[in-house]
Amino acid sequence: MPGKAFAVVVVIITLATAYCVMAHVWWMPADISVHGPRIDHQIEETVLVAGLLFVAGQVVLAAFAFLYGGARDKPKQIPGGAKPLVIFAFAIVGTEILALSSIGSKAWGAVYFEAPDPSAMHIDVQAGQFAYYFRYAGPDGKFGALHPELINEGNQNFFGLDPDRDPDAKDDIITAELAIPVNKPVLLTLHSKDVGHSFDVRELRVQQDFVPGLNIPLHFTATQTGRFEIVCTQLCGLGHYNMKAYLSVLKAADFDEWLKRQAAMQ
Amino acid sequence: MEKTFASARRAKTLFWGEIMAETSAHGAAHHAPPQGFISKYILSVDHKVIGIQYTILSLVAAFVGMALSWAMRIHLAWPDVHIPLLGMLAPNGAPGGQMTPEYYLSLMTMHGTIMAFFVLTAAPFAGFGNFMLPIQVGAADMAFPRLNRASFWVTFVGFLLACATFVIPDGPPLSGWTAYAPLSAVGAVAGPGQGWGQNLWGLSVAVFCIASLLGALNFIVTVLDLRTKGMKLSRLPLSTWGWFIDAWVSLLAFAVLLPTCLLLVLDRLGGTSFFIPGGLVFNDQLQPHSGGSPLLFQHLFWFFGHPEVYIIILPAFGIVSHILPTFIRKPLVGGWKVITFSEIGVGTLSFVVWGHHMFVSGMSPYMAMVFSVPTLFITIPSVIAVLVWVFSLYGSNIRFDTPMLFSLGFISLFISGGIGGFFLAQPSTDSYLHATTFVVGHFHFTMGLSAIFATFAGFYYWFSKMFGRMMNEKLGKWHFWLSFVGVYCVFMTMHLTGFAGAVRRYSAFVDDFMIPLIPANRFISVAALLLGATQFVFLYNAIWSFFKGPKAPDNPWGATTLEWDTTSPPPFDNFGGRQMIVHHGPMEYDGEASVMQTSAEASVAGT
């Protein structure tokens with residue numbers, strides 16, 4: 001009796017889980033990046049492969065608990081013993097693993113092994129407890145050098161720039177919101193001023209940590225306009241839950257307009 | 001040559017003041033049972049008492065850890081609720097009982113630390129292992145009983161240090177159980193709890209490492225040197241195999257965490273910069289550090305941290321593999337070899353996969369591929385183990401006593417947890433799911449609740465041997481059913497919300513996309529509270545049975561291994577002066593018939 005109850009409970013749990021995943025009760029938001037479809041495809045592929053193993057594993061477990069609860073005859077081993085099991089694990093699971101990792105490495109490579117487009121727009125991103133700041137190079141196309149000792153949040157010198165002595169820094173545009181033009185490659189340089197943080201935009205299928213001491217390049221192309229949340233996913237301290245910024249993907253003309261307005265506000 | 005070696009060893013053991021390793025092999029214990037209360041129950045060198053001490057310590061730690069998770073779940077579901085008890089414990093962290101965001105993170109940090117180290121690492125390995133391993137190999141005690149006593153009391157000091165973080169004014173650290181630098185390394189400027197809280201945390205974990213290293217050495221030497229006559233490695237009970245393999249993994253992994261903690265403490269107190277780069281600015285103040293690497297900390301931590309997952313689960317593999325044959329009344333498919341070699345495979349591969357925690361960390365993206373492939377390949381020995389357990393049920397006569405139910409629950413949870421591994425082992429899919437509740441659900445299934453279920457299986461199975469009384473079956477079954485359903489409600493739902501991108505480690509939900517997930521979050525909280533409440537059924541059962549349970553026979557489950565070949569509880573020297581001679585493997589079951597390992601009768605299962 002407990003065997004049959006166990007079987008029923010396991011099957012209900014398995015079906016409920018399978019339903020929630022298949023029906024996308026909670027699911028990824030629609031993708032807005034050029035590389036995203038590959039990642040989505042890989043997730044779907046993994047749902048299929050891992051999902052089949054999940055259902056098969058739980059159902060066989062349930063079936064055996066159901067069938068062999070009351071028997072009192074002489075126990076017997078499965079025909080063939082352990083050999084078919086080991087062969088199954090190496091052959092079937094091994095093949096699945098090789099397939100997943102070869103296809104998956106292409107999805108990963110599309111994001112990380114490719115150099116950014118030479119025309120990519122370069123934006124500097126700094127994370128600190130508990131805000132992001134974004135820096136555009138301005139008309140000269142050059143970023144001013146960073147001097148951490150000059151960082152002064154009261155004076156709004158978030159990056160530690162020295163515009164008086166550094167001509168490159170003079171026209172740098174600093175914003176609290178990340179705006180990018182649609183369909184144009186973007187190259188971000190991520191750096192942190194204090195502890196580890198992360199740059200996570202679910203719709204872009206991009207998640208990358210900031211590591212203090214490192215400048216981490218990250219490039220992508222957004223394909224749809226809109227306003228999306230950038231959230232911190234690396235534990236950074238008491239304000240972690242509240243560390244966020246917005247990503248605005250704008251039409252080219254709107255973006256130019258926006259950047260001009262920001263420049264005027266510096 | 002052999003003689004010199006033996007006398008050298010004797011000299012060494014005498015130097016340590018240890019009981020000589022040969023004693024048990026010759027059948028006569030050289031140490032008399034202690035008489036006083038303190039030497040008998042507190043500062044005992046008896047492995048059985050030490051095993052019980054570890055078990056009680058981890059029980060206490062488990063309820064502390066659970067209380068922390070209750071407070072967190074209440075805060076997440078009903079942020080405005082006041083918990084007066086919490087306000088009394090932490091006037092700063094929870095003024096008037098209302099939790100601050102930083103105190104949420106402190107509770108989370110200590111929940112992870114206490115559960116991972118003092119419960120999951122301690123209970124199934126040090127608790128049951130200490131009690132059962134020497135008996136299962138036919139020895140009178142561990143190889144180094146005094147080191148054994150030291151390892152328990154050092155663990156106890158580690159636990160006190162961890163608990164001490166709650167009573168200092170600043171409260172516990174908020175950097176998570178992984179304590180990523182530089183958040184954990186720069187000191188109080190990084191936030192509340194990052195002063196003395198983090199120092200105590202580093203010391204507590206370092207002390208725990210020392211205890212684990214001592215314990216691991218003791219387990220390894222005991223299995224290698226103290227097996228009784230006829231106890232070939234091929235005849236070792238599978239639980240002992242689990243502890244033996246686990247001890248090797250522990251020895252190699254804790255040997256890395258210990259210096260990591262010391263370097264972290266040095267960065268904090270000694271002015272070094274192992275993990276802190278130059279140019280860091282807190283509150284507009286440039287920090288006086290330069291040249292360190294935060295990624296180095298992550299590599300060192302996860303070099304320990306991933307094997308740690310297997311340190312937690314390998315004893316569970318062993319315990320379940322030990323319990324299953326008793327309740328299905330036949331040997332496991334493939335005998336001792338297939339399951340043991342898959343455990344060795346898992347233990348070995350566990351040292352080359354740590355980078356899968358760091359796919360989005362800023363580590364070279366090429367390295368991601370290097371770590372992804374072995375991570376996927378570790379699935380193969382794990383799948384073999386699962387297939388052995390599941391297909392051993394085929395054609396069996398399952399007895400559904402509580403230890404068996406928890407073993408079945410373990411298998412189901414381990415399958416579910418393993419499935420999530422496919423998503424997190426690949427950098428492309430992990431880059432979306434990293435740091436979501438999917439990960440939280442995944443590791444709670446695999447290393448958290450799987451190990452806990454195996455520990456419960458072991459507890460219901462061995463309680464009679466440890467305390468001489470049977471536990472109540474009815475309460476045990478209620479405990480199982482409510483826990484099994486509760487665990488799925490909590491952690492499978494976390495997997496699902498993870499697909500929507502729900503970020504972990506948030507003390508409140510302010511992001512637009514997190515707000516629609518609040519109902520699911522409430523559901524998780526309610527389920528978690530009920531799941532926690534269920535554990536009091538277990539506690540009540542354990543305490544009631546300890547005093548009032550029916551007297552246990554020597555071998556209530558009809559099992560075959562040496563612990564069932566002595567009284568319940570066993571005498572001080574384990575076998576009352578009998579010399580145990582082993583004739584069979586541990587899985588001599590054939591339906592109702594079974595043959596004890598020590599029996600000279602003919603084999604019934606041909607193992």
Side-chain angles (χ1 to χ4, degrees), chain A residues 2-3 6 10 13 17 20 26-27 39 42-43 46 50 54 57-58 60-61 64 68-69 71-72 74-78 81-82 85-86 89 93 97 101 104-105 107-108 112 148-149 151-153 193-196 202 205 207-209 211-214 216 229 231 233 235 237-238 241-242 244, chain B residues 101-102 176 180 182-183 191 277 279-282 284 286 294 329-330 333-334 338 360-362 365 369 373 376 379-380 383-384 387 390-391 393-398 400 411-412 415 419 422-423 426-429 431-432 434-435 488 492 496-497 499-501 503 505-508 510-511 591:
Chain A
F6 181 79
V10 166
I13 289 169
T17 306
C20 288
W26 292 281
W27 203 246
I39 289 181
Q42 188 67 11
I43 288 181
T46 310
F54 169 70
Q58 301 287 6
V60 173
L61 174 68
F64 286 173
Y68 300 111
R72 278 294 173 266
K74 219 168 160 50
K76 53 182 185 291
Q77 291 291 17
I78 191 112
L85 307 180
V86 174
V93 182
I97 286 168
S101 58
S105 65
W108 176 250
Y112 282 101
E149 68 278 9
I151 288 179
N152 187 328
E153 304 211 333
K193 84 172 179 64
D194 42 37
V195 300
R202 297 173 314 140
R205 305 290 188 265
Q207 180 170 200
Q208 175 64 58
D209 281 3
V211 181
L214 294 183
I216 298 174
E229 285 171 302
V231 297
T233 52
L235 180 57
L238 68 96
Y241 73 100
N242 205 14
K244 61 188 274 190
Chain B
E102 57 269 31
Y180 272 18
L183 180 62
L280 297 194
V281 177
F282 291 86
D284 296 347
L286 191 64
R329 309 309 296 169
K330 63 176 206 152
V333 183
V338 175
V360 303
S361 72
M369 301 316 303
V373 173
L376 285 163
T379 318
I380 291 180
V383 166
I384 293 175
L387 289 175
V390 172
F391 281 88
L393 302 179
Y394 173 89
S396 65
N397 302 341
I398 305 176
F400 289 98
I411 300 171
S412 172
I415 292 173
I419 294 307
F422 280 97
F423 293 86
Q426 307 173 65
S428 55
T429 48
S431 69
Y432 178 81
H434 186 84
Y488 269 108
M492 194 52 99
L496 297 170
T497 53
F499 277 119
V503 185
R505 294 166 159 167
Y506 275 8
S507 55
V510 296
D511 298 323

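So you know, we letter chains A, B, ... as the sequences are listed, proteins then strands, and number each from 1.
Of the atoms belonging to Val390(B), heavy atoms from both backbone and side chain fall under 4.5 Å from chain A. For Leu286(B), the part lying near chain A is the side chain, with the backbone staying farther off; criterion is any non-hydrogen pair under 4.5 Å. Using a 4.5 Å cut-off between heavy atoms, Gln42(A) touches chain B through backbone and side chain atoms alike. Heavy atoms of Ile13(A) lying under 4.5 Å from chain B belong exclusively to its side chain. The parts of Leu61(A) that come within reach of chain B are both its backbone and its side chain, each placing non-hydrogen atoms under 4.5 angstrom from that chain. Contact annotation for Lys244(A): only side-chain heavy atoms (C-beta onward) come within less than 4.5 Å of a heavy atom of chain B. Only the side chain of Ile216(A) comes within contact range of chain B, judged by heavy atoms closer than 4.5 Å. In this structure, chain A has a heavy atom under 4.5 Å from the side chain of Tyr180(B), while its backbone stays farther away. Residue Tyr488(B) touches chain A through its side chain alone, counting heavy-atom pairs closer than 4.5 Å.
Contact check for Phe282(B) versus Val195(A): side-chain heavy atoms found under the 4.5 Å cut-off. Under the 4.5 Å side-chain criterion, counting only non-hydrogen atoms from C-beta, Val231(A) is in contact with Val503(B). Between Phe391(B) and Val60(A) the shortest side-chain heavy-atom distance falls below 4.5 Å. At a threshold of 4.5 Å between non-hydrogen side-chain atoms, the residues Ile97(A) and Val373(B) do not count as touching.
The line from CD1 of Ile78(A) to CG of Leu387(B) is 10.0 Å long, rounded to the nearest 0.5 Å. In this structure, the separation between CZ on Arg505(B) and CG on Leu235(A) is 5.0 Å, given to the nearest 0.5 Å. How far CD1 of Ile398(B) is from CZ of Phe6(A): 9.0 Å, rounded to the nearest 0.5 Å. Distance check, rounded to the nearest 0.5 Å: OG1 of Thr233(A) to NE2 of His434(B) gives 6.5 Å. Rounded to the nearest 0.5 Å, atoms OG1 (Thr17(A)) and CD1 (Ile419(B)) are 11.5 Å apart. We find the CD1-OG distance between Ile43(A) and Ser428(B) to be 7.5 Å, quoted to the nearest 0.5 Å.
Ile380(B) and Ala89(A) make their closest contact through CG1-O, 4.0 Å (heavy atoms, listed as atom of the first residue, atom of the second, distance). Between Ser361(B) and Val211(A), the closest heavy-atom pair is O-CG2, 2.8 Å. Across all non-hydrogen atoms, the minimal contact from Pro212(A) to Pro277(B) is O-CG, 3.4 Å. The two atoms that bring Phe400(B) and Gly3(A) nearest to each other are CZ-CA, 3.2 Å, heavy atoms only. Nearest heavy atoms, Leu393(B) versus Tyr68(A): O-CD1, 3.4 Å. Nearest heavy-atom pair across Asp194(A) and Val281(B) is CB-O, 3.5 Å.
Without hydrogens or angle criteria, Gln207(A) side chain to Ser431(B) main chain gives a donor-acceptor distance under 3.5 Å. Using modelled atom types, one side-chain atom of Gln208(A) and one backbone atom of Val360(B) make a donor-acceptor pair closer than 3.5 Å. With hydrogens and angles disregarded, no donor-acceptor distance shorter than 3.5 Å links the side chain of Asn397(B) to the backbone of Lys74(A). A donor-acceptor pair under 3.5 Å is formed between the side chain of Trp108(A) and the backbone N or O of Pro365(B). The closest donor-acceptor contact from the side chain of Arg202(A) to the backbone of Ala500(B) lies under 3.5 Å.
The aromatic ring centroids of Trp27(A) and Phe499(B) lie less than 6.0 Å from each other.
Side-chain contact annotation: Ser412(B) with Gln58(A), donor-acceptor N/O pair under 3.5 Å present.
The side chain to side chain donor-acceptor pair (under 3.5 Å) check on Glu102(B) picks up nothing, with sequence neighbours excluded. For Gln77(A), the side chain to side chain contact (heavy atoms under 4.5 Å, CB included) test picks out Lys330(B), Pro331(B), Val333(B), with sequence neighbours left out.
Per-residue heavy-atom pair counts under 4.5 Å with chain B were compared for Ala50(A), Gly213(A), Gly104(A), and the maximum is reached by Ala50(A). Ranked by heavy-atom pairs under 4.5 Å with chain B, the list Ser101(A), Pro2(A), Ala107(A) is led by Pro2(A). Between chain B and the residues Glu229(A), Lys193(A), Glu153(A), the largest count of heavy-atom pairs under 4.5 Å involves Glu229(A).
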